[in-house]
J.: 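Below is the structure I would like to discuss, written out as structure tokens.
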Amino acid sequence: MDSLTSAAPSPLTRFLQTAEMLKPSTPSPSHESSGGLGSDEGTEYYPNIVFLQNKARREDFCPRNLKKMHAVIDKLMLHSHLKYKGTLSMLDCNIFPGLSNDFLESEVNLFLLPVMESEVEENLVRAGAGGMSLFSLLPGYKGHPSFQSMVAKLRSQIQSMCRPQLSHTILTEKNW
């Protein structure tokens with residue numbers, strides 16, 4: 001988190017800025033139907049960007065830390081034209097049932113994935129050599145849903161994003 005707030009831009013920030021500068025202009029899909037009006041001639045289409053933190057720890061899921069992460073990303077991307085807000089929400093997934101949708105002043109497309117653990121191995125380790133008790137079969141409190149549950153929620157949100165058409169012509173690698 002501290003490296004994101006430092007004065008020097010991170011390699012990721014520089015990469016995103018460079019990619020944004022090199023993005024080719026994309027004419028609007030209704031280009032031909034607008035006739036000579038030219039109202040949509042200057043419209044640019046920018047991609048949605050999702051920030052994904054893998055191997056997130058229990059404290060990363062704390063509402064206070066989540067709020068800080070959103071604020072830092074919002075500050076870094078403030079002058080960008082990339083669509084980094086409004087298309088993906090961890091609050092809509094019911095991961096934080098006690099938080100309302102207006103908890104974050106500015107919700108960016110950020111998703112946290114915990115460390116992938118095998119639940120079977122975890123239960124066997126907890127049972128130990130002392131035999132199987134009822135409490136050893138119950139899942140331990142991790143501070144977040146399981147990895148598989150989080151991946152399913154992320155997949156659902158990404159697949160439900162609207163996808164605007166980039167171009168009215170076939171976009172080849174050469175044209176790109």
J.: To the nearest 0.5 Å, tell me how far I49 CD1 sits from L16 CG.
T.: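 I49 atom CD1 to L16 atom CG measures 4.0 Å (nearest 0.5 Å).
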
J.: Checking S149 now: which residues fulfil side chain to side chain donor-acceptor pair (under 3.5 Å) with it, not counting sequence neighbours?
T.: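 S149 satisfies side chain to side chain donor-acceptor pair (under 3.5 Å) with no other residue.
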
J.: Could you tell me which residues satisfy side chain to side chain donor-acceptor pair (under 3.5 Å) with D74, sequence neighbours excluded, listed by chain and number?
T.: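 Y84, K85, S106.
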
J.: Check whether E20 reaches the backbone of H81 with its side chain - one donor and one acceptor, N or O, closer than 3.5 Å.
T.: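 Yes, E20 side chain to H81 backbone: donor-acceptor pair under 3.5 Å.
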
J.: If you round to the nearest 0.5 Å, how far is CG of L52 from CG of N109?
T.: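 Reported value, rounded in 0.5 Å steps: 11.5 Å.
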
J.: Just to verify, what does F51 make a ring-ring contact (aromatic ring centres under 6.0 Å, His included) with, not counting sequence neighbours?
T.: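 For F51, no residue satisfies ring-ring contact (aromatic ring centres under 6.0 Å, His included) once neighbours in sequence are set aside.
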
J.: Quick check: do L66 and L110 have side-chain heavy atoms less than 4.5 Å from each other?
T.: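 They are in contact (side-chain heavy atoms under 4.5 Å apart), so the answer is yes.
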
J.: Other residues, nucleotides and ligands only: do more than 12 of their heavy atoms fall within 6.0 Å of CZ on F103?
T.: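 Count over threshold, so yes.
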
J.: Going by the rule side chain to side chain donor-acceptor pair (under 3.5 Å), which residues pair with E173 if we only count those two or more places apart in sequence or in a different chain?
T.: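 Not a single residue meets the side chain to side chain donor-acceptor pair (under 3.5 Å) criterion with E173.
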
J.: Find the distance between CG (D92) and OG (S156) and round it off to the nearest 0.5 Å.
T.: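 With rounding to 0.5 Å, CG (D92) is 10.5 Å from OG (S156).
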
J.: If the condition is side chain to side chain donor-acceptor pair (under 3.5 Å), which residues does Q157 pass it with, not counting sequence neighbours?
T.: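 Q157: no side chain to side chain donor-acceptor pair (under 3.5 Å) contacts found.
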
J.: According to the salt bridge (charged side-chain N to carboxylate O under 4.0 Å, His left out) rule, which pairs have a member within residues 143-159, sequence neighbours left out?
T.: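 For residues 143-159: none.
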
J.: What's the spacing between M150 CE and L112 CG if we round to 0.5 Å?
T.: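 Atom-to-atom, M150:CE and L112:CG are 6.5 Å apart.
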
J.: Could you tell me how the ring of F96 sits relative to the ring of F61: parallel (under 30°), tilted (30 to 60°) or perpendicular (over 60°)?
T.: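 Ring orientation, 0 to 90° scale: tilted.
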
J.: Just verifying a value: how many Å separate Q17 CD and L76 CG, rounded to the nearest 0.5 Å?
T.: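 Nearest 0.5 Å value for the CD-CG distance: 9.0 Å.
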
J.: Do M161 and L91 land in one hydrophobic cluster if side-chain heavy atoms of ILVMFWY residues count as linked below 4.5 Å?
T.: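 Cluster IDs for M161 and L91 match.
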
J.: For the side chain of T18 and the backbone of R14, is there at least one donor-acceptor N/O pair under 3.5 Å apart?
T.: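 Indeed, once roles are kept as given, a pair shorter than 3.5 Å links the two residues.
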
